[in-house]
Amino acid sequence: MTETQQLAQDAADTLADLTGVRRHDLALVLGSGWLPAVDALGEATAEVSTTDLPGFHAAGVAGHSGTIRSIRSGDKNLLVFLSRTHFYEGKGVRSVVHPVRTAAAAGCRAIVLTNGCGGLKETWSPGTPVLIADHINLTATSPIEGANFVDLTDLYSARLRELCREVDPTLDEGVYVQFPGPHYETPAEIAMVRAIGGTLVGMSTTLEAIAAREAGMEVLGISLVTNLAAGISGEPLNHEEVLEAGKAAAARMGGLLSQVVDRI
Ligand code: 8IG
């Protein structure tokens, strides 16, 4: 076992002790704007603070809480991360993907990565969920250490995307571009994103998705477009707008997530 896998196993063991749930089946990471959707997933069997587990840091962003919930949903044990560590916090890529590796060590075979992001298509009004079909990682780094040449050809599971569209046939797809942040993009950077084929911009998800694939998990990525990307609307971007769009979309996101979770 590698050092990072060992730390994840330690976290998973502590998680099992604290929750009383020996194995989890499916993990969800809730991004900006997704927190209000958590209650639709069901009653919490247990709730632990990330700081009680080896390898986790305290939460840093408004609208993210440093909590992990174990939820019994049908015949599945869900492991829900109500926060994530962002790359821009400067705690290193290992910290960013530690929850993903912990979920894998806890038994999860699939992970749902959600985020709030900017959208490049004007038809995506704030509050529109979009399935991630592929990504472009502009962080110039990888969570993988050493010569492990992981294939990412089908990183975002076509099977899970199809399943989402069975729940909601109106769901569109996009290519998510991760910038390091924490600043938003310039209009010129958004023009570049358009040129390279991106349609969603954010500050998370791609490194986690890579780590999930490395760990052998099936990946579903869903973005909640909370704002038009910089320079498209003529308005400046702000974090409150993001949280507001999340609140407004909470019922739809909760319904979507719970129905998708049922079918995974
Ligand atoms: I919410 O427009 C949210 N997160 N990089 N750009 C980037 N991250 C975001 C944005 C955005 N909106």
Side-chain angles (χ1 to χ4, degrees), residues 28-38 59-65 81-91 93 96-97 99 112-141 156 171-210 221-254 256-257:
L28 296 95
V29 179
L30 301 184
S32 295
W34 286 83
L35 203 50
V38 70
V61 186
H64 292 257
S65 94
F81 295 88
L82 278 64
S83 69
R84 57 159 49 94
T85 296
H86 285 88
F87 183 66
Y88 56 70
E89 292 174 58
K91 290 166 182 157
V93 185
V96 171
V97 301
V112 182
L113 299 171
T114 69
N115 62 58
C117 74
L120 275 79
K121 288 195 189 174
E122 302 214 38
T123 51
W124 294 339
S125 56
T128 303
V130 177
L131 300 172
I132 301 177
D134 204 346
H135 82 217
I136 297 173
N137 169 15
L138 293 186
T139 65
T141 190
Y156 296 91
L171 284 170
D172 208 348
E173 294 194 341
V175 173
Y176 182 90
V177 180
Q178 180 175 0
F179 280 85
H183 51 272
Y184 293 121
E185 293 70 34
T186 63
E189 286 165 342
I190 294 305
M192 176 192 75
V193 168
R194 203 184 290 286
I196 63 177
T199 49
L200 303 161
V201 283
M203 305 175 192
S204 69
T205 305
T206 77
L207 299 169
E208 293 149 76
I210 295 166
I222 317 178
S223 287
L224 177 64
V225 175
T226 56
N227 57 274
L228 274 173
I232 297 179
S233 76
E235 297 293 320
L237 310 183
N238 70 82
H239 190 62
E240 282 65 41
E241 170 188 32
V242 167
L243 300 180
E244 278 309 312
K247 272 184 205 148
R252 184 176 177 199
M253 298 311 105
L256 174 64
L257 275 189

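Just so we're clear, the structure is a prediction, and the values are computed from it rather than from any experiment. Order of appearance sets the numbers: ligands from 1, and atoms from 1 within every ligand. Counting begins at 1 with the first residue of the sequence.
Screening Thr128, Asn115, Thr205, Val201 for a side-chain contact (heavy atoms from CB on, under 4.5 Å) with Ser223, the sole residue that qualifies is Asn115.
Of the heavy atoms in Asn115, none comes closer than 4.0 Å to ligand 1.
Using modelled atom types, one side-chain atom of Thr114 and one backbone atom of Val29 make a donor-acceptor pair closer than 3.5 Å. Judged by distance alone, with hydrogens and angles left aside, the side-chain atoms of Tyr88 form no donor-acceptor pair with the main-chain N or O of His183 at under 3.5 Å.
If you number the atoms of ligand 1 from 1 as listed, the ones under 4.0 Å from a heavy atom of Thr226 come out as 1 (I). The atoms of ligand 1 that sit less than 4.0 Å from any heavy atom of Glu185 are 2 (O), 5 (N), 6 (N), 7 (C), 11 (C).
When hydrogens are left out, the protein atom nearest atom 4 (N) of ligand 1 is Gly116 O, 3.6 Å; that is the closest non-hydrogen contact. Remark: minimum distance from atom 12 (N) of ligand 1 to any protein heavy atom is reached at Asn227 OD1, 2.7 Å. The protein heavy-atom contact nearest to atom 8 (N) of ligand 1 is Gly202 CA, 3.3 Å. The protein non-hydrogen atom at the shortest distance from atom 11 (C) of ligand 1 is Tyr184 CD2, 3.5 Å.
Pairing each heavy atom of Thr206 with each of Tyr156, the nearest pair is CA-OH, 4.1 Å.
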Applying side-chain contact (heavy atoms from CB on, under 4.5 Å), run through Leu256 and Leu171 and close with a yes or a no. CA-CA 10 Å; Leu256 174 64; Leu171 284 170; 3.9 Å; yes
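The side-chain heavy atoms of Val130 and Thr199, taken from C-beta on, include no pair separated by under 4.5 Å.
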